[in-house]
Protein chains: 2
Amino acid sequence: MITAIPGKLNSCHDCKDISCAAAVLKISELELVNMNSLENEVKKGDIILHEGSMTSHIIYLKTGLVKEFIRQPNGREQILQIVKQHTYLGLPSLFSDRINHYSYAALENSHICYIDINVFNRLIRQNGEFAQQILISVCKDSLNNFNRFIKQSHKKIYGRVADAILYFSGIVFENDRFDLPFSQREFADLIGLSRESTTRVLIKFKNEGIISIKGKSITINNPDLLEQISLKG
Amino acid sequence: MITAIPGKLNSCHDCKDISCAAAVLKISELELVNMNSLENEVKKGDIILHEGSMTSHIIYLKTGLVKEFIRQPNGREQILQIVKQHTYLGLPSLFSDRINHYSYAALENSHICYIDINVFNRLIRQNGEFAQQILISVCKDSLNNFNRFIKQSHKKIYGRVADAILYFSGIVFENDRFDLPFSQREFADLIGLSRESTTRVLIKFKNEGIISIKGKSITINNPDLLEQISLKG
DNA sequence: AAATAAATGTGATAATTATCACAAACCATA
DNA sequence: TATGGTTTGTGATAATTATCACATTTATTT
């Protein structure tokens with residue numbers, strides 16, 4: 001039996017944002033316990049969801065890091081975004097045709113929860129606060145993603161690589177120094193460029209002192225200049 | 001006073017889809033009358049919303065045709081989608097930062113309604129069915145849009161022009177013959193190509209007999225071939 | 001209907017990026 | 001530490017698309 005929980009939303013301890021999925025989850029967490037939702041550990045490289053498959057459960061990324069991607073007709077992978085913990089995977093699909101449009105693979109060992117679709121839907125209908133928070137979460141996510149994509153689309157390779165570095169630094173890892181969680185091949189897939197072009201730009205940035213590269217580790221030395229390059233297009 | 005309306009959703013008479021915003025509106029229509037929502041007529045070319053402005057009302061496109069667009073840093077316009085009647089404009093913005101991320105301009109004389117944000121939000125909280133339908137509508141729309149964009153992004157100019165023609169034929173006008181609601185300059189903006197390249201491809205398609213062009217009117221003679229070109233990338 | 005402005009067509013050229021081919025560096029593991 | 005595999009670096013070249021410049025057509029205004 002599901003009972004609507006009075007509309008008290010807490011903010012997520014990590015990001016202090018009441019629209020963060022972690023905060024949203026607080027309502028459903030009670031339900032999850034009741035419903036015996038499955039919790040699972042996935043290893044780095046594991047595929048969590050396949051594009052084209054039916055949505056049978058909602059998947060909540062409790063801890064870890066995941067890439068969202070599709071396969072382009074030419075066979076190449078297109079990475080759409082890096083998904084951080086406290087996020088539902090592919091929520092929009094649930095509310096459209098219930099087919100997963102994207103694939104998800106773990107970039108690190110991660111913890112995920114499977115939540116029953118019907119529980120979720122009942123919660124939404126019975127609890128307006130919950131519905132509103134999910135709406136906010138979905139809208140923010142899709143807007144951010146779409147905007148990032150649109151802005152990239154007309155930029156030259158320098159601007160695009162700069163964007164990608166700033167994306168990892170700012171949005172994914174929130175740190176000027178970070179380890180690329182995959183190869184340059186995949187980095188190129190995220191940006192939508194050839195591997196060679198991507199490498200060349202990275203080396204150019206390195207030679208100009210804007211960034212430092214040691215193995216998979218990237219350090220931004222001059223964020224302002226990177227921003228400038230990104231803006232210039 | 002807003003009262004929750006028992007969850008009976010009708011399908012839209014036009015598109016027979018209960019997730020169509022027209023169906024969703026049925027619930028709020030009653031409210032709209034109560035709240036004295038403003039109805040307005042806009043002329044072809046009028047700008048309905050400016051990117052960057054605050055969301056003060058929700059705008060519902062009752063009749064007409066509208067383009068959603070942004071201005072790229074290089075000054076060029078990027079048309080994101082063509083919005084048909086029975087659609088809320090920029091709904092995702094309402095649920096994120098309440099700033100309109102895109103601009104909207106009328107491609108034909110159109111009728112729009114202004115709905116108070118608070119009415120909308122109260123409806124969502126008080127009526128789970130309504131919330132769910134809005135969620136569905138937002139998710140479908142953003143998925144479709146994003147997918148269209150991603151699929152385009154790696155295609156060559158032929159595939160992209162083919163896509164755009166199929167988009168107008170299938171999604172916007174639902175007819176093999178349609179009038180471009182704007183110039184080829186704007187058509188190019190929608191596709192994200194230069195005007196000259198776009199023109200050249202159109203002429204190529206025309207010379208190959210795949211389409212016919214008379215002024216602004218385009219007729220698709222060979223939809224299968226167009227599909228093929230789109231798929232080939 | 002003439003004049004003016006706007007949109008479209010087209011060749012030549014330049015800029016950008018992908019592709020190919022292979023060398024060098026790095027990594028895992030026997 | 002040798003060895004095979006993968007990833008990264010780099011030059012040369014080809015493919016694709018934008019840009020420029022201008023002719024031609026079409027639309028709008030007086």
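Just so we're on the same page: letters track the sequence lines, and every chain starts at 1.
Ring geometry for Tyr114(A) versus His57(A): interplanar angle over 60°, hence perpendicular rather than tilted (30 to 60°).
Distances shorter than 4.0 Å separate none of the side-chain N or O atoms of Ser194(A) from OP1 or OP2 on dT19(C). Of the side-chain N and O atoms in Gln184(B), none sit less than 4.0 angstrom from OP1 or OP2 of dA6(C). Taking 4.0 angstrom as the limit, Lys216(B) places none of its side-chain polar atoms (N or O) nearer than this to OP1 or OP2 of dT26(D).
Straight-line distance from the CG atom of Asp179(B) to the P atom of dT26(D): 16 Å, rounded to whole Å. We find that CZ of Phe205(B) is positioned 18 Å from P of dT8(C), with the value rounded to whole Å. Straight-line distance from the CZ atom of Phe187(B) to the C1' atom of dG9(C): 16 Å, rounded to whole Å. Note: NZ (Lys155(A)) to C1' (dA18(D)) measures 19 Å, nearest angstrom. Atom CG of Asp189(A) and atom P of dT8(D) are 12 Å apart (whole Å). Rounded to whole Å, the distance from NE2 on His154(A) to C1' on dA18(D) is 12 Å. Ile203(B) has its CD1 atom 13 Å from the C1' atom of dA23(D), to the nearest Å. Between Asn207(B) atom CG and dG9(C) atom P there is a gap of 11 Å when expressed in whole angstrom units.
Ranking dG9(C), dT16(C), dT8(D) by closeness to the Lys156(A) side chain, first place goes to dT16(C). Of the listed nucleotides (dA18(C), dA18(D), dG11(C)), dA18(C) has the atom at the smallest distance from the side chain of Leu193(A). With dA18(C), dT8(D), dG11(D) as the candidates, the nucleotide lying closest to the side chain of Ser183(A) is dT8(D).
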Apply the test ring pair (Phe, Tyr, Trp, His ring centres under 6.0 Å) to residues Phe182(A) and Phe168(A): give CA-CA distance (whole Å), side-chain angles for both, the deciding distance (0.1 Å), then the verdict.
CA-CA 12 Å; Phe182(A) 41 50; Phe168(A) 274 106; 5.7 Å; yes

I would like to know whether Lys44(B) and Glu108(B) meet salt bridge (Lys or Arg N to Asp or Glu O under 4.0 Å); could you show each step before the answer?
CA-CA 4 Å; Lys44(B) 181 176 171 175; Glu108(B) 306 172 348; over 6 Å; no

Check the pair Asp163(A) / Ser230(A) against side chain to side chain donor-acceptor pair (under 3.5 Å), numbers first and verdict last.
CA-CA 6 Å; Asp163(A) 274 353; Ser230(A) 158; 2.5 Å; yes

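Mapping Arg185(B) and Tyr158(A) onto DNA chain C via the closest heavy atom, the residue that lands nearer the 5' end is Arg185(B).
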Base, backbone or nothing for each nucleotide of nucleotides 21-27 of chain C, written B, S, -, heavy atoms under 4.0 angstrom, 5' to 3'?
-------

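Using a 4.5 Å heavy-atom cutoff, the side chains of Thr198(B) and Gln184(B) are not in contact.
Of all the heavy atoms in His86(B) and Lys62(B), the pair that sits closest is CD2-O, 3.6 Å.
Atom NZ of Lys151(A) has 12 or fewer neighbouring heavy atoms from other residues, nucleotides or ligands inside a 6.0 Å radius.
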